Amino acid sequence: MKTNSLSFCALALVATVAQFVQAQLIRPNSATATSTFSGSYVIANAINGSGMPANFTTADAHATYSTNNHWTTANGQTIGQSATFNFTTPQTIGAFHLWAHRSNGIASNPYYVATRFDLVFRDSTGTVLSTVTNIPGTPGVAIAQTKFFDQVLNVSSIQYIVRETANNNSSPYTGLAEVAFQACIPCSPSVPEARNVCPGGTATFSVTPNGTGPVAYQWKRNGVDIPLAGPGSNATANQPTLVINGAGPSDVATYTCLLTNPCGSVPSAGATLSVCPADFNCDAGIDLFDYLDFVAALSGEEPTADFNADTVIDFFDYLDFVAAFSGNC
Ligand SMILES: [Ca+2]
Ligand SMILES: [Ca+2]
Ligand SMILES: [Ca+2]
C-alpha cells in the first residue's frame, strides 16, 4: 500500500513537471505557408498539437505519418519555401522547438526534414527584428529538436525558410510535424576538459552554453573570478575559451566558467590544469626525447635546464628531472 502511495506521488510529480514545461512552450496562434501539398497537409497541422499527446513536452515524440498531423510542401517545392508563424500578442523568443515529419514510407525520401533553415523574426509592422541563418536540422529525430539563439523581444511573427534538405536536396518534399517556441532556456554548459601541459605551454578550456543567448562568460580559478586586467589577469576570462599562455605552477588549479544568459547564471563543471615538468620538449608526451633534450640543455648551460628554479644549474636539476621523468603526468 505504501509503495502504491509513493508511486502515485511520483506520477503526480511527473505530471506537474510536464505541465510546467508545457506552460513554458509558446504556441503560434496562426500560420501561413508558401507551399502546401494539399488541403490535408496544411501548416495549421504544425501548430495545433496534432500528432502530439495532451500537454506534450519537448521530450515527446510526434506521431508518425497521418493525413492531418503535419505540413508538407508541394512535390518539387523545397528550397526557399517557408512557413510563417504568427503571435496575436507579441512574444519574447529565445528558442525554437521543431518536430520533424515522420514518414510512413510513402514519401520517396523518408527524411524530408530541412537539414538547414533560417528564422526571420518580425514585429507587428513587419519590420525584421533579427535573422538567424543556417540553423542545422537532423533527420530521423522523433522528439523535439531545440535551437537556441539570442533572445528577441516584441516578436509578432517568425518565418521559417528551408535552405537545404537531406541527401543534397534530393527530397521531393519538406515540411514540419509540429513547432513551439520558448522565451528562454537556461544554459546547460558543456564540460570543459582537463589539461596537462608542459612548463611554459598553452592550455585552453572551452565551454559551449547550450542555452538562449546572449551569454556572458566569467572564468574562475579555484572558484575566484579571473580578472581581465591586473595581477593574475587573463584577457580571455570573459570568453567561451579561456587561453592560458606560459603555464606555470601558479596556473595549476581547477577552472570553472559561470555562464549568464537572460534566464540566469549557471556554473560549468570544473576542469583541472596540471603542468607536467618532465615534458621537456612540450610535445604533450613523455619519452626518451625529453630526457635527451634535458641532458643536452644541461651540458649547454641553458636556463631551461634550471629545472628546480634555484638559478643554478647543477646535479640537483638532473636528479629532479629524473624524478619527474619517472613520475606519471
Ligand atoms: Ca502536428
Ligand atoms: Ca615530450
Ligand atoms: Ca637548479
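One-based numbering along the sequence shown. Start at 1 and go down the list; that is how both ligands and their atoms are numbered. The structure displayed is predicted, hence computed values, not measured ones.
- You'll find the side chain of Ile286 stays beyond 4.5 Å of the side chain of Tyr291, heavy atoms only.
- With 3.0 Å as the limit, Asp310 counts as an N, O or S neighbour of the Ca ion (ligand 3).
- Annotation: protein N, O or S atoms under 3.0 Å of the Ca ion (ligand 1) (waters excluded) comprise Asn45 O, Ser50 O, Ser50 OG, His62 NE2, Asn69 O, Ala177 O, Glu178 OE1.
- Counting only protein N, O or S atoms, the number found under 3.0 Å from the Ca ion (ligand 2) is 6.
- Relative orientation of the Phe96 and Phe117 rings is perpendicular, given thresholds of 30° and 60° on the angle between their planes.
- The angle Val312:O - the Ca ion (ligand 3) - Asp306:OD1 amounts to 90°, with values rounded to 10 degrees.
- Asn261 has its side chain out of reach of Leu259: every pair of non-hydrogen atoms, C-beta onward, lies at least 4.5 Å apart.
- Between the side chains of Thr78 and Thr174, not a single donor N or O lies within less than 3.5 Å of an accepting N or O.
- Using a 30° and 60° split on the angle between ring planes, Trp219 and Phe205 fall in the tilted class, from 30° to 60°.
- The nearest N, O or S atom of Thr311 is not closer to the Ca ion (ligand 3) than 3.0 Å.
- Taking the six-membered ring where the residue is Trp, Tyr173 and Phe37 present perpendicular rings, their angle passing 60° and hence far from 30°.
- Judged purely by distance below 3.5 Å, without hydrogens or angles, the side chains of Asp118 and Thr133 never pair a donor atom with an acceptor atom.
- His101 and Tyr112 have tilted rings, their planes meeting at an angle from 30° to 60° on a 0 to 90° scale.
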Report the C-alpha separation of Cys198 and Cys282 in whole Å, then their side-chain angles, then the decisive distance to 0.1 Å, and conclude whether the disulfide (SG to SG under 2.5 Å) test is met.
CA-CA 5 Å; Cys198 66; Cys282 282; 1.8 Å; yes
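- Gln145 and His97 are not linked by any side-chain donor-acceptor pair at a separation below 3.5 angstrom, with hydrogens and angles left out of the test.
- Using the six-membered ring where Trp is involved, Phe321 and Phe307 have ring planes that are perpendicular, over 60° apart on the 30 and 60° scheme.
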